[in-house]
Amino acid sequence: MNKKICVVGLGYIGLPTAAMLANCGYDVVGVDTNKEVLDNLNKGKIIIEEPYLDDLVKKVVINKKLIGLNTPCEADIFIIAVPTPINENKRADMRYVINATNSIVSYVKKGDIVILESTSPVGTTTEIIKPILEKTDLEIGKDIYVGYCPERVLPGKILKELVENHRVVGGINEESAIKIAKIYKSFVKGHIYTTDTKTAEMTKLVENTFRDVNIALSNELLKICDNTNINVWDVIEYSNKHPRVNLLEPGPGVGGHCLAVDPWFLVESSPNLSNIIKLSRITNDSMPSYMFYSVEKLIKNTNKKITILGITYKPDVDDIRESPIIELIKILKENNYEISIYDPYVKNYPGIENNLMKCVQGSELLIIGVNHNVFKDINYEKVLQAMEGNLILDTRNSLDKEELEKIGFVYKLIGSK
Ligand code: SAJ
C-alpha cells in the first residue's frame with residue numbers, strides 16, 4: 001500500500017478527506033497557504049463548522065497521522081482540492097489548480113499517484129494537470145498515475161456522505177483509474193465507478209447543473225404563481241403527488257460554491273448549446289432582486305429598519321459564499337434601508353450582531369433569510385415586543401404561520417397569497 005498522502009488545499013473538501021484518509025492509516029500531510037487553518041490544524045482544531053469533523057481531526061492529529069504544512073513534500077499520493085471559482089466574466093478561474101499542481105512537481109516521483117478533486121471544467125486533467133506534470137520528465141499513465149475524482153458531499157453531512165456516497169473516478173488511463181479507486185476504497189462504502197477523465201469531469205458538472213436547473217424551474221414558477229395569485233407551495237405539493245414529478249423548493253436564490261458556479265463551466269465551454277443552463281443561472285441570480293420587490297410590497301417607506309435572520313447560503317452551515325441573502329442585503333442597503341443582521345453561525349461579517357434582542361430592536365420587518373434549525377427555538381413573542389413593526393417575510397417556508405399570527409405578527413411567505 002502507498003503510505004504517504006499529501007493533500008493540497010484544506011477547505012471544506014480537502015480537510016475532511018485528509019482526516020478520513022489519516023483515520024484509515026495513511027500518513028497524511030495537509031497543505032494550505034492559510035496560516036490560521038494550519039495553526040489550528042496542528043493543535044487538532046478546525047475553523048469551519050461541520051458536524052463531527054472537529055472530533056475526527058483532533059483524533060488523527062493526536063495520533064500524528066495528520067499534520068499541516070505550508071508547502072507540499074514528497075509523498076506517494078497527491079490530492080489537489082483547491083477552489084475553482086468563477087471570475088467576473090463567469091469564466092473558470094483555474095489559478096489555484098495551476099499553482100497547486102506546479103507546487104507538487106518537484107516532489108512527484110516514479111510510481112506516484114496524482115488526483116484532482118476540485119470541480120473543474122471538462123478537459124482540466126488532460127489539458128492543465130497533465131502538461132504541468134510532464135515537467136517531471138516522467139511518463140504520465142506509466143511512471144505516474146493521474147486522474148480526477150470529484151467530491152460529491154453535501155456540506156453539513158460531509159463525513160457521512162464521504163463514506164456512503166458512490167464515487168466516479170476518471171483516469172488518464174485505465175491503470176490510473178484502478179489505482180485511484182483503490183485509495184478511495186479505503187473509506188468509501190459506496191460503489192466506485194471508473195471511467196475516463198472527461199466523462200468524470202462532465203458528470204460532476206452535470207450533477208450540480210441538474211439541481212440548479214430544477215431550482216430555477218421552481219423559482220420561475222414562484223414568479224408565475226405570484227403573478228396569477230396562486231400559492232406556489234400548494235402547486236408544488238400537489239404536483240409532487242405525481243409519481244414522476246419532483247419539484248424542488250423556490251427560495252431567495254441559489255448560493256454556495258457549487259451550484260451557483262459549476263453550471264457556468266458548461267456555459268463557458270459550449271456557449272451556443274447551453275441555453276437552459278445559462279437561463280437557469282440567470283433566473284436563480286435574479287431571486288435576490290425579486291425578494292427585494294417582495295419587501296417593497298410589504299413596506300414602502302425607506303429609512304426603515306429591517307432585521308435579517310440568517311445570511312449563510314443554506315441552513316446550519318457557516319458558509320456565506322455566493323449567499324443570495326448577502327446580495328439581498330446589498331440591494332436593501334442601496335435603497336436606504338437600515339439593516340441589522342443576526343446569524344449565530346457567522347462570526348465575521350460586517351455589522352453582524354450576536355444579541356438577537358438588540359438586533360431586532362426598532363425593526364419594522366424581520367426577514368428569514370435562512371432556516372437555521374435554531375431559529376425554531378426563538379421566542380418570537382419577545383422579538384415582536386422589541387420590534388417597531390410586526391412584519392415577517394419568510395424566504396424559506398420555515399416558520400409556522402398560524403403560531404406567528406396568533407402572537408400578533410403579520411406573516412408573509414414568499415410565493416403565498
Ligand atoms: N436550494 C434551493 N432550493 C432547493 C434546494 C436548494 O433554493 O430545493 C438552494 C439552497 O438554499 C442553497 C443552494 O441551493 O443556496 C445549494 O444548496 P444544496 O444544499 O442543494 O447544495 P450544496 O451547494 O450545499 O452542495 C451541492 C451538492 N450537489 C448536489 O446536490 C447536486 C453536493 O452533493 C455537492 O457535492 C456540492 O454541491 C459540491 O461541492 O459540488
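Counting convention: from 1, in listed order, for ligands and their atoms alike.
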Polar contact flag, side-chain donor to acceptor under 3.5 angstrom, S286-K223: yes

Should you measure from each heavy atom of [X], which atoms of ligand 1 turn up under 4.0 Å away?
| X | value |
| --- | --- |
| V254 | 13 (C), 14 (O), 15 (O) |
| E207 | 31 (C) |
| P155 | 24 (O), 25 (O) |
| K204 | 34 (C), 35 (O), 38 (C), 39 (O), 40 (O) |
| L248 | 8 (O) |

Minimum-distance protein heavy atom relative to [atom]:
| atom | value |
| --- | --- |
| atom 36 (C) of ligand 1 | C258 SG, 3.4 Å |
| atom 26 (C) of ligand 1 | L259 CD1, 3.5 Å |
| atom 1 (N) of ligand 1 | I215 CD1, 3.5 Å |
| atom 30 (O) of ligand 1 | R211 NE, 3.4 Å |
| atom 11 (O) of ligand 1 | R396 NH1, 2.7 Å |
| atom 12 (C) of ligand 1 | Y313 O, 3.3 Å |
| atom 32 (C) of ligand 1 | V153 O, 3.4 Å |
| atom 3 (N) of ligand 1 | E249 O, 2.8 Å |

In terms of ring plane angle, is the pair Y290 and Y293 parallel, tilted or perpendicular, where the classes change at 30° and 60°? tilted

Tell me whether the rings of F409 and Y380 are parallel (<30°), tilted (30 to 60°) or perpendicular (>60°). perpendicular

Out of I236, L205, N208, indicate the one that has the non-hydrogen atom closest to atom 40 (O) of ligand 1. N208

Working for side chain to side chain donor-acceptor pair (under 3.5 Å), residues S176 and N173: CA-CA 5 Å; S176 295; N173 57 359; 2.6 Å; yes

Applying a 4.0 Å heavy-atom criterion (strictly less than), which segment of [X] is in contact with ligand 1: side chain, backbone, both, or neither?
| X | value |
| --- | --- |
| E161 | neither |
| R321 | neither |
| V317 | neither |

Is the shortest distance from a Lys or Arg side-chain nitrogen in [X] or [Y] to a carboxylate oxygen in the other one below 4.0 Å?
| X | Y | result |
| --- | --- | --- |
| K65 | D27 | yes |
| R167 | E117 | yes |
| R211 | E207 | no |

How close do L154 and E161 get, heavy atom to heavy atom, and via which atoms? N-OE1, 3.0 Å

What do you reckon, does G251 put a non-hydrogen atom under 4.0 Å from ligand 1? no

Under 3.5 Å, side chain of D343 to main-chain N/O of I311, donor-acceptor pair present? yes

Side-chain donor or acceptor of T84 paired with backbone N/O of S120 under 3.5 Å: no

Can you list the steps and then say if T125 with T197 is a side chain to side chain donor-acceptor pair (under 3.5 Å)? CA-CA 7 Å; T125 315; T197 56; 4.7 Å; no

Nitrogen or oxygen of H257 less than 3.5 angstrom from that of ligand 1: no

Taking atom NZ of K59 as the centre, report whether more than 12 heavy atoms of other residues, nucleotides or ligands fall under 6.0 Å from it. no

